Each structure stands twice: as structure tokens, then as C-alpha cells.
Amino acid sequence: MEELNQNKINPRHELHRLVKETLIAARSTAYNAKEREEKAEKELEELLKKHPEFVDIVGEVQDNITKTLK
């Protein structure tokens, strides 16, 4: 049973990961930065559809991550 819990994606962790990926890709000058940003944004939209309770905290998460990236 523990293996199932370890393989299960934590939605809150996924929210943070996707917001961070979006912000990093937006600042990047890498050749694939735009593609990475668009992919992360699409995944973030899908996550928010599945977990609408996160819609209200996306801005807060973005602010926190932006502070740590400076």
C-alpha cells in the first residue's frame, strides 16, 4: 500500500513545480524556453481544472517562488 502512496502525485507539490517551471522558462533565453513555458502553462491549466481550490492561491505561489528566484 505504501508504494501506491509514493507513486501518487501530490497536487499541491505539482502546483508549485508547474508555477516554478513557468517562471523559469519565462526568464530563460534557452532555445526551447517558449516551448517549456507553454507546456508548463498548459499543464498548470489542467491542474487547476482538476483542483479549482488552487485558483485562489496561484498568485501567492507565484510571488513566493519569484522571491526565491531573485
Side-chain angles (χ1 to χ4, degrees):
M1 197 68 158
E2 286 183 36
E3 286 182 37
L4 292 176
N5 291 337
Q6 289 177 352
N7 291 334
K8 198 173 190 180
I9 295 175
N10 178 333
R12 192 169 187 89
H13 175 75
E14 190 67 3
L15 172 68
H16 285 263
R17 184 189 71 77
L18 291 171
V19 168
K20 186 174 182 178
E21 175 63 22
T22 302
L23 291 171
I24 289 172
R27 294 178 173 193
S28 177
T29 58
Y31 74 95
N32 66 343
K34 188 68 175 167
E35 292 170 2
R36 286 177 43 209
E37 181 180 8
E38 289 172 356
K39 181 178 182 251
E41 286 175 349
K42 184 178 178 183
E43 289 179 27
L44 181 58
E45 286 176 20
E46 291 174 13
L47 179 70
L48 292 175
K49 285 179 186 175
K50 291 179 185 175
H51 299 279
E53 66 273 16
F54 292 153
V55 171
D56 294 337
I57 65 168
V58 170
E60 182 182 328
V61 171
Q62 287 174 333
D63 291 344
N64 289 338
I65 293 173
T66 299
K67 289 175 186 174
T68 61
L69 292 176
K70 287 184 178 184

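No experiment lies behind these values; they were computed from the predicted model shown.
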S.K.: Give me the atom names and distance for the closest heavy-atom approach of L23 to I65.
M.R.: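 Closest heavy-atom pair between L23 and I65: CD1-CG2, 3.8 Å.
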
S.K.: Using 0.5 Å steps for rounding, measure from the CG atom of N32 to the CD atom of E38.
M.R.: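 Answer rounded to 0.5 Å: 11.0 Å.
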
S.K.: For Q62, does the CD atom have more than 12 heavy-atom neighbours from other residues, nucleotides or ligands under 6.0 Å away?
M.R.: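 Counting neighbours around CD of Q62, more than 12 heavy atoms of other residues, nucleotides or ligands fall under 6.0 Å, so yes.
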
S.K.: Show the nearest heavy-atom pair for residues A25 and E37, with the distance to one decimal.
M.R.: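 Smallest interatomic distance, heavy atoms only, reads CB-N, 3.5 Å.
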
S.K.: What is the distance from atom CD of E60 to atom CG of N64, rounded to the nearest 0.5 Å?
M.R.: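 E60 atom CD to N64 atom CG measures 5.5 Å (nearest 0.5 Å).
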
S.K.: Under the salt bridge (charged side-chain N to carboxylate O under 4.0 Å, His left out) test, which residues partner R36, sequence neighbours left out?
M.R.: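 With sequence neighbours excluded, R36 shows a salt bridge (charged side-chain N to carboxylate O under 4.0 Å, His left out) to E21, given in chain and number order.
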
S.K.: Please report the shortest heavy-atom distance between T22 and A40, naming the atom on each side.
M.R.: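 Between these two residues, the closest heavy atoms are OG1-CB, 3.3 Å.
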
S.K.: Can you tell me which residue among H13, R12, K20 is in a side-chain contact (heavy atoms from CB on, under 4.5 Å) with H16?
M.R.: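 That would be R12.
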
S.K.: If the condition is side chain to side chain contact (heavy atoms under 4.5 Å, CB included), which residues does R27 pass it with, not counting sequence neighbours?
M.R.: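 T66, L69.
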
S.K.: Determine, for K49 against E46, whether the closest basic-nitrogen to carboxylate-oxygen distance falls under 4.0 angstrom.
M.R.: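 No.
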
S.K.: Check L48, L44, V19 against F54 for a side-chain contact (heavy atoms from CB on, under 4.5 Å) and give me the one that passes.
M.R.: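 Result: among L48, L44, V19, L48 is the only option passing the side-chain contact (heavy atoms from CB on, under 4.5 Å) with F54.
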
